[in-house]
Amino acid sequence: MDNMEIDRNTVALLIRQQFPHLDHLPIEPVSKQGWDNATFRLGDALSVRLPRNESYAEAVNKEAHALAVLGEHLSVEVPSFVAVGLPSDTFPLPWSIRRWVEGDTLESADGVNPETFAVSLGKALCDLRAIDTGGGFIAGKHSFYRGCHPSAYGDEVQKSLDILGSKVDAVRCLEVWLRGMTSAWTARPAWFHGDVAIGNIIVTKSVVKALIDFGTCGIGDPACDFVMAWTYFDSESRKLFRDACEVDDQTWQRARAWALWKALVCMSGLSSPDTEYPSGEGRLAALS
């Protein structure tokens, strides 16, 4: 499905129709919009989040449930739901109102110390992984296969390499990919975020204050949550991040395969590059 254009007038009408007690609050689009959802500030303390097409709509109720569970146990903040809006003639999909989490995303923050941040993020992901999974959502289509084995995207890796040809070192790419295919998560399913990226982490003084955008979360293999080892950190801070994540070598190699897949599909045009990661070329360089 094509992404819907969502403007302030749509949000104002939805608030007026379904939550009239909030109709007096000003509405402003956030400066940095994501691909999956459109987000608007609602006054100083709230935000409105609307999925851009039906494929992202399932995440609304899932995220409301997950954040109610995770928010009680994580050492960092997560957005809390205030209300879930109903589909209507004005907007055909479910949508949500949440508490606004103040602070700068990693993407916008200045002067972040990579070593301090690496340890902080690794510990936050350890906390997430340790939370009881009762009532969690088993990884699958709703998580865009995050939390599943990276082989779910093996066809896209192969197709990307065919498209790119001599533009990449296909032999080296296959070595990285196949190394990640030799293991699977054998422990009990664990919580994963699914999109740990510079636009979804709020930092204060180089420390993780909050994780946001849990639309692809679930329970399964958490390897997908460690791709920032190659998309953000340098070799030194990557070591600190890995130690703080407390993951075994096999999980680390599956995480590397996830990072390779994302780099290749962006470079080949199978996926639109987003601004939350460096270019595909930069990712491949980090993976080498």
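Quick caveat, the model's predicted, so the values are computed rather than measured.
Cluster partners of Leu13, using a side-chain heavy-atom cutoff of under 4.5 Å among ILVMFWY residues and allowing indirect links: none. Other cluster members for Leu240: Val119, joined by side-chain heavy-atom distances under 4.5 Å among Ile, Leu, Val, Met, Phe, Trp and Tyr. Cluster partners of Val101, using a side-chain heavy-atom cutoff of under 4.5 Å among ILVMFWY residues and allowing indirect links, are Ile202, Ile212. In the hydrophobic clustering, where aliphatic and aromatic side chains (Ile, Leu, Val, Met, Phe, Trp, Tyr) are joined below 4.5 Å either directly or transitively, Val30 groups with Trp100.
When only modelled atom types and interatomic distance are considered, Thr39 and Asn37 share no side-chain donor-acceptor pair under 3.5 Å. No side-chain donor-acceptor contact under 3.5 Å links Ser235 and Arg238. Side chains of Arg254 and Ser183: a donor-acceptor N/O pair is present below 3.5 angstrom, by distance only. Side chains of Ser268 and Ser160: a donor on one and an acceptor on the other come within 3.5 Å.
Checked against the 6.0 Å centroid criterion, the rings of Phe241 and Tyr232 do not qualify as a close aromatic pair.
Under 4.0 Å is where a charged nitrogen must lie from a carboxylate oxygen, and between Arg242 and Glu236 no such pair does. The existence of a salt bridge linking Arg256 and Asp249 is excluded, since no basic side-chain nitrogen approaches an acidic carboxylate oxygen closer than 4.0 Å. A salt bridge between Glu156 and Lys159 is absent, with no side-chain N of the basic residue lying under 4.0 Å from a carboxylate O of the acidic one. For Asp213 and Arg49, the salt-bridge test passes: some basic side-chain N is under 4.0 Å from an acidic carboxylate O. Taking the charged nitrogens against the carboxylate oxygens, Glu63 and Arg98 do have a contact shorter than 4.0 Å, which makes a salt bridge. For Arg146 and Asp195, the salt-bridge test fails: no basic side-chain N is under 4.0 Å from an acidic carboxylate O.
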Next item on the list: I would like to know whether Leu174 and Leu161 meet side chain to side chain contact (heavy atoms under 4.5 Å, CB included); could you show each step before the answer?
Entry: CA-CA 9 Å; Leu174 283 173; Leu161 290 174; 3.8 Å; yes

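Within a 6.0 Å sphere centred on CZ of Arg99, other residues, nucleotides and ligands contribute 12 heavy atoms or fewer.
The stretch residues 82-95 participates, sequence neighbours left out, in these side-chain hydrogen bond (donor to acceptor under 3.5 Å, both in side chains) pairs: Gln17-Thr90.
By the ring-ring contact (aromatic ring centres under 6.0 Å, His included) test, Phe214 pairs with His193, sequence neighbours left out.
Taking OG1 of Thr231 as the start and NZ of Lys262 as the end, the distance is 10.5 Å to the nearest 0.5 Å.
When side chains are defined from C-beta on, Leu106 does not count as touching Val208, because their heavy atoms never get closer than 4.5 Å. Contact of the Arg8 side chain with the Val48 side chain is not registered, since no non-hydrogen atoms from C-beta on lie closer than 4.5 Å.
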